[in-house]
Amino acid sequence: MAIALNDLTYCVLTFGCQMNKHDSERVSGMLDALGATQVTELNDADIAVFMTCCVREAAEVRLFGQIASCKNEPLRSGSPLDQRIIAIGGCIGQRDGEELLARFPHVSIVFGTHSMASLPGMLEDRLQNHLRSSDTTDDRGIPFSDLPQKREHAWAAWVPIMTGCDNFCTYCIVPYVRGRERSRPIEDVVAEAERAVRSGVKEITLLGQNVNSYGRDRYGEPRFAEVLRRVDATGIERLRFVTSHPKDLSDEVIDAFASLSSLMPALHLPFQSGSDRILRTMNRSYTRERYLDLIAKLKRACPGIALSTDIIVGFPGETDEDFEATYDLVRQVGFAQAFTFIYSPRSGTPAASMTDEVDRAIVQARFDRLVGLVQDQAYRFNQAAKGETIGVLVEGASKRDERILAGKSPKNQTVHASIPDGVDIDELIGSIVPVRVDEARTWYLSGTVVDG
Ligand code: SAH
Ligand code: SF4
Ligand code: F3S
C-alpha cells in the first residue's frame, strides 16, 4: 500500500542565520499543508530536513557529523517507513548539490536555497518510487514568495524583503550560495506585515543579507527607509531588521530610529575589522572613519541605542597593528553585543587563496582578548538598565524556574522576571509586560513584573 505524507512525521533542524530560520518556516509550512505532522525530536521523525550553513568550517564539520550519525538512529515505533527519509537543504545543499547524495548513501533528497518549492515533489518521488534526487536550480525568482509559512512563534514574524548578496566580501561564501540580490515588491512585504499584525504578531524582523540596498535591483521600487515607514504604519508594536552593511546605511534610515515609534532602539551593524588596510582586502567598501561617523549619527538619533556587530579575527595578513585597530574600535563604540569569529577560509572565495595566514596561537590570543573586552562591554551596557522599567515581550518560562518568565527588552536583551502570584505564564506568552530591572548580568537582566 502506498505511504502518504499524512501518515508521516517530520522535523526540521535549522543551522546558520535568520535567513535559514525563515526558510525552515516555509519548509514546515509546506509539509504541514501536505498533511505531515511536525515533531521536535529527530527520534520521532520519519522525515528529517537539515537546513544547513557553510559560513564557517567548524559549523560545517559539526553538521556533517550530525548528518552522518543520523544513519544509526532508529525509527520511531509505528513508523510506516523502513528507513528514515533524510533531506539536506539550505546553503550546503546549494553549494554541494548532487555530491551529497554520493557522500551520504542514506540521504535521499538535496535541495538548494532557490529550490525549496521542489521539496514536496522530491518527497513524493522518494515515497512512491524510491528515487533519490537533488535540485539546486536557480530561476532568479524570489524563492519563497508563494510558499505557505508556519511560524515558530505566534508573536514574532520574520519578513524577508530581499534575498542574496552582491557584495562579495572576499572571505564570504554567502553570495555563492544565496545568489544575486533580489528585492521583493514592497506591496508583497507590506501585505505580509499586515497579515502578521492581524494574526496577533507583536514583533516583525525584516530580513535580508543586506537590507539597506533594498530596491536597487527593481526599477522604480522605493528604498529601504520607505519599507520601514510602510511597515511601521501597519500598527506593528516592534519592528527590527537584519542585516545592515555600513556602506549602504543611509541618513534616512538612521533618522527612522528617531521618527518611527515601532522601530526598536537596537541595530546590528557588522564592521568585521577596524583596520582600513584589512577592510580594503576584505572588499568592505568603507573605512574605519566612515563607520565611526555612522555610529555617532546613530547615537545622536537614538540615544542609548543597543549596537551589535560581527568581527573577524585573523583575516590573512592581519598584523598586531591591524588587530589593535579592531580592539580600539570596539573600545570607542561600546557595543551591547558583539559576535566574534576566527577567520575560516572558504573554498571558492578570493580570501581562501591568500597565502599570508596568521599563526593560530596568535589568532587565538587576539580572539580571547577581544572576547574579554566584548563581555565587559555587554556587562556595562546591561548595568545601565538597572532600576528602569521596560517592556518585555514574553517568550515563555525560563529554563530553570517555571515561575520566572523569559522574554526580550526593546534593546533585545534577554530578561528574566518573577511574576505575580496567581498569574499563569502561559497567559502572558506573546504579550508585552512591564518589568522593573533589579539585576543586570553580562547575558541577561532580571527583575519583577510590575503593574502597567
Ligand atoms: N549578511 C550579513 C551576515 C553574513 S554571515 C552581513 O553582511 O553582515 C555572518 C557573519 O559571519 C559575518 O558578518 C562575518 O563576521 C562572519 N563570517 C562570514 N564569513 C566568514 C569566514 N569565512 N570566516 C569567519 N567569519 C565569517
Ligand atoms: Fe557576506 Fe559580505 Fe554579503 Fe555579508 S555583505 S553576506 S559578509 S558577502
Ligand atoms: Fe549560513 Fe547560509 Fe546564512 S551560509 S550564515 S545559513 S546565508
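Note that ligands are numbered from 1 as they come in the structure, with each ligand's atoms numbered from 1 the same way. Numbering of residues begins at 1 and proceeds along the displayed sequence.
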*Could you go step by step and tell me if S183 and D217 meet the side chain to side chain donor-acceptor pair (under 3.5 Å) rule?*
CA-CA 7 Å; S183 303; D217 58 314; 2.5 Å; yes

Next on the checklist: For a side chain to side chain donor-acceptor pair (under 3.5 Å) check, start with the C-alpha distance between S244 and N212, then their side-chain angles and the critical distance, and finish with the verdict.
Outcome noted: CA-CA 6 Å; S244 293; N212 288 280; 2.8 Å; yes

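Donor-acceptor pairing under 3.5 Å is recorded for the side chains of E181 and S213. A donor-acceptor contact closer than 3.5 angstrom is absent between the side chains of N382 and Y444. Checked by atom type, the side-chain pair H268/S308 shows a donor-acceptor distance below 3.5 Å. Under the 3.5 Å distance criterion, with hydrogens and angles disregarded, a donor-acceptor pair is assigned to the side chains of Q383 and Y379.
Those atoms of ligand 3 that come under 4.0 Å of a heavy atom in R178, given as number and element, are 7 (S). Atoms of ligand 2 lying under 4.0 Å from any heavy atom of H245, numbered from 1 in the order shown and given with element: 5 (S). Counting atoms of ligand 3 from 1 in the listed order, those under 4.0 Å from a heavy atom of V55 are 1 (Fe), 4 (S), 5 (S). Ligand 1 places these atoms under 4.0 Å from at least one heavy atom of R346: 22 (N). Each of the atoms 7 (S) of ligand 3 lies under 4.0 Å from some heavy atom of Q209. Which parts of ligand 3 touch C54 is read off a 4.0 Å heavy-atom cut-off, strictly below it: atoms 4 (S). Applying the 4.0 Å criterion to heavy atoms of P270 picks out, from ligand 1, the atoms 8 (O).
The proximity of F168 to ligand 2, defined as any non-hydrogen pair under 4.0 Å, is limited to the backbone. The proximity of C165 to ligand 2, defined as any non-hydrogen pair under 4.0 Å, is limited to the side chain. Using a 4.0 Å cut-off between heavy atoms, R56 contacts ligand 1 through its side chain alone, with no backbone atom that close. Of all the heavy atoms of F341, the ones lying under 4.0 Å from any atom of ligand 1 belong exclusively to the side chain. Residue-level proximity to ligand 2 for P175 is carried by the side chain, the only part with a heavy atom below 4.0 angstrom. Only the backbone of I342 comes within 4.0 Å of ligand 1, counting heavy atoms alone; no side-chain atom from C-beta on gets that close. Residue contacts with ligand 1, taken as heavy atom pairs separated by less than 4.0 Å, involve V55 via backbone and side-chain atoms alike.
Counting only non-hydrogen atoms, the option in C17, P270, C169 that gets closest to atom 2 (Fe) of ligand 2 is C169. Across the listed options N167, I173, V174, N167 owns the non-hydrogen atom lying nearest to atom 5 (S) of ligand 2. For atom 2 (Fe) of ligand 3, the candidate residues are G90, C91, G164; the nearest heavy-atom contact is made by C91.
Closest to atom 19 (N) of ligand 1 among all protein heavy atoms lies Y171 CD1, 3.3 Å. Ranking protein heavy atoms by distance to atom 7 (S) of ligand 2, first place goes to Y171 OH, 3.4 Å. Considering only non-hydrogen protein atoms, atom 6 (S) of ligand 3 sits nearest to N20 ND2, 3.4 Å. Regarding atom 1 (Fe) of ligand 3, its nearest protein heavy-atom neighbour is C53 SG, 2.4 Å. Looking at atom 1 (N) of ligand 1, its nearest protein heavy atom turns out to be Q209 OE1, 2.8 Å. Atom 3 (Fe) of ligand 3 has its closest protein heavy atom at C17 SG, 2.3 Å. Protein heavy atom closest to atom 14 (C) of ligand 1, with residue, atom name and distance, is Q272 OE1, 3.4 Å. Counting protein heavy atoms only, atom 1 (Fe) of ligand 2 is closest to C172 SG, 2.3 Å.
The backbone N or O of I85 lies less than 3.5 Å from no partner atom in the side chain of S108, so there is not a single donor-acceptor pair. Without hydrogens or angle criteria, T136 side chain to G97 main chain gives no donor-acceptor distance under 3.5 Å.
From R277, atom CZ reaches atom CG of D322 across 4.5 Å, with rounding to the nearest 0.5 Å.
Heavy atoms of N210 stay at 4.0 angstrom or farther from ligand 1. For the ligand labelled ligand 3, residue M19 lies outside the 4.0 Å heavy-atom shell. Under the 4.0 angstrom criterion for non-hydrogen atoms, H245 is not in contact with ligand 1. Residue contacts with ligand 2 leave out R178, since none of its heavy atoms falls under 4.0 Å from the ligand.
Ring geometry for F224 against F241 counts as perpendicular: the plane angle is over 60°, on a 0 to 90° scale with 30° as the lower cut. Ring-plane geometry between F315 and Y343 is classed as perpendicular, the angle between the planes exceeding 60 degrees on a 0 to 90 degree scale with a lower cut at 30. Ring geometry, F271 versus Y291: the interplanar angle falls from 30° to 60°, so the pair is classed tilted. Under the 30°/60° scheme for interplanar angles, the aromatic rings of F341 and F339 are found to lie parallel.
Looking at R182 and D138, a side-chain N of the basic residue comes within less than 4.0 Å of a carboxylate O on the acidic one, giving a salt bridge. Between R229 and E226 there is a salt bridge, with a side-chain nitrogen of the basic residue lying less than 4.0 Å from a carboxylate oxygen of the acidic one.
Ligand 1 has an N or O atom lying under 3.5 Å from an N or O atom of D310, backbone or side chain. An N or O contact shorter than 3.5 Å links S344 to ligand 1 by distance. An N or O contact shorter than 3.5 Å is missing between T243 and ligand 1 by distance.
Here the side chains of L8 and L127 are in contact, with some heavy-atom distance below 4.5 Å. With contacts defined as side-chain heavy-atom distances shorter than 4.5 Å, the pair L31/V49 qualifies. V27 places a side-chain heavy atom less than 4.5 Å from the side chain of M51.
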